[in-house]
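Working notes for the structure below.
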Amino acid sequence: MPLVAANWKMNPTNIDDALDLVRGVMSVARGHADRVEVAIFPPFPWLLAVSDLLVETGVKLGAQDAFWENSGAFTGEVSPAMLKGWCQWVIIGHSERRLYVGETDEMVAKKTAAVLSRELGAIMCVGELLDHYDEGRSDEIVTGQVRAGLAECSADDSARLVIAYEPVWAIGSGRNADPEHAYKTMRLIRRIVGEMIGAGAARKVRILYGGSVKAANVQQYVELPLCDGVLVGGASLDAEEFAQIVRVTAEVYGHR
Ligand code: PGA
């Protein structure tokens with residue numbers, strides 16, 4: 001089933017707006033729950049209140065990050081063990097964390113393994129910078145990130161593992177990637193995952209596209225044969241826009 005993930009990032013700044021946003025998306029997401037898995041990733045302080053609203057709706061909840069240890073003296077961190085119970089998903093290695101918080105491939109690998117070992121789903125993000133893209137180094141960069149990030153994963157993790165290909169230059173820029181480029185990179189990711197955990201297991205790993213996805217351009221991605229859904233940032237903060245992304249995805253996969 002395709003996955004449409006709403007990464008709210010550090011928005012909205014108050015709980016009432018967060019709950020309004022969930023309510024706005026819920027009826028559409030619920031109506032398509034048999035065809036599209038929808039997951040919402042609010043900031044940590046809103047997780048509990050949002051989880052109450054999502055009970056029995058079929059809409060999933062996720063966190064935007066998690067630490068690799070389960071408890072201990074790690075000020076400010078949140079562990080997979082703490083998320084287990086109301087979250088189903090965790091985003092790991094988003095480019096904004098790599099950029100602003102200095103997350104390395106090694107940290108991404110430890111976090112991904114920790115999340116999967118707690119039987120949560122992990123959405124591991126990879127993607128090249130604009131300079132890499134312009135220099136024709138996208139494949140090399142993405143290959144390195146996938147190999148390093150999955151270093152501690154095994155075939156048993158495949159059903160709960162998602163890789164989001166998000167070219168950094170496409171995130172929040174309004175410059176979404178050409179579908180041909182997205183397709184080639186997703187094909188490369190699938191091949192590398194196959195080399196690492198076996199081709200059979202790799203087929204169960206879902207691969208998403210992310211980067212300036214909106215209702216007007218989502219179809220060209222979800223129609224790609226290797227694309228299992230989208231990771232949506234800015235457009236997920238507008239309930240009607242996000243609902244339309246879910247509708248388009250449901251329609252495309254309904255015809256597959
Ligand atoms: P965007 O963000 O849709 O605003 O480009 C995507 C993401 O960062 O996951």
Side-chain angles (χ1 to χ4, degrees), residues 2-13 17-18 21 24-25 29 36-44 46-47 60-66 87-103 108 111-112 115 121-130 132-133 138 141-142 145-146 149 161-179 181-182 185-186 189 206-222 224 227-249:
L3 173 63
V4 175
N7 175 14
W8 290 1
K9 311 191 179 188
M10 204 168 67
N11 302 291
T13 52
D17 290 348
L21 186 51
V25 167
V36 181
E37 179 174 357
V38 175
I40 297 176
F41 296 78
F44 283 120
W46 312 152
L47 280 176
K60 308 282 175 58
L61 186 64
Q64 297 173 17
D65 183 36
C87 283
Q88 292 79 40
W89 287 103
V90 182
I91 295 174
I92 299 293
H94 189 280
S95 64
E96 285 149 14
R97 294 202 59 79
R98 294 177 190 257
L99 184 65
Y100 300 121
V101 194
E103 270 194 22
V108 171
K111 289 180 171 197
T112 303
V115 162
I123 301 183
M124 189 184 89
C125 302
V126 297
E128 78 281 9
L129 301 172
L130 184 59
H132 299 141
Y133 178 71
S138 305
I141 299 296
V142 170
Q145 288 174 338
V146 173
L161 177 62
V162 170
I163 299 180
Y165 170 54
E166 300 202 298
V168 179
W169 46 271
I171 295 177
S173 64
R175 181 186 171 189
N176 54 299
D178 170 40
H181 174 74
T185 313
M186 290 194 265
I189 292 171
R206 285 183 282 178
I207 301 179
L208 312 183
Y209 169 77
S212 294
V213 171
K214 49 189 183 187
N217 64 26
V218 64
Q219 182 159 354
Q220 58 185 336
Y221 299 109
V222 291
L224 295 172
C227 180
D228 299 301
V230 283
L231 178 53
V232 187
S236 72
L237 297 172
D238 177 326
E240 186 39 46
E241 178 81 12
F242 185 70
Q244 187 57 20
I245 290 172
V246 173
R247 280 191 208 101
V248 171
T249 305

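Both ligands and their constituent atoms are indexed starting at 1 by order of listing.
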Counting only heavy atoms not in Lys9, do more than 12 sit closer than 6.0 Å to its NZ atom? yes

Which heavy atom of Asp228 sits nearest to which heavy atom of Arg206, and what is that distance? OD2-CA, 3.3 Å

Could you list each nitrogen or oxygen of ligand 1 that sits under 3.5 Å from a protein nitrogen or oxygen, with the atom names and the distance?
from, atom 1, to, atom 2, distance (Å)
ligand 1, 2 (O), Lys9, NZ, 3.2
ligand 1, 3 (O), Gly233, N, 2.9
ligand 1, 4 (O), Gly234, N, 2.8
ligand 1, 5 (O), Gly172, N, 2.6
ligand 1, 5 (O), Ser212, N, 2.7
ligand 1, 8 (O), Lys9, NZ, 2.7
ligand 1, 8 (O), His94, NE2, 2.6
ligand 1, 9 (O), His94, NE2, 3.3
ligand 1, 9 (O), Glu166, OE1, 3.3
ligand 1, 9 (O), Glu166, OE2, 2.6

Taken in chain and number order and not counting sequence neighbours, the residues that satisfy salt bridge (Lys or Arg N to Asp or Glu O under 4.0 Å) with Arg97 are Asp65, Glu103

Asn176-Tyr209 side chain donor-acceptor pair, cut-off 3.5 Å: no

Can we say Lys60 and Glu37 salt-bridge, meaning some charged N sits less than 4.0 Å from an Asp/Glu carboxylate O? yes

Quick one: does any side-chain atom of Arg98 pair with a main-chain N or O of Cys125 as donor and acceptor, under 3.5 Å? yes

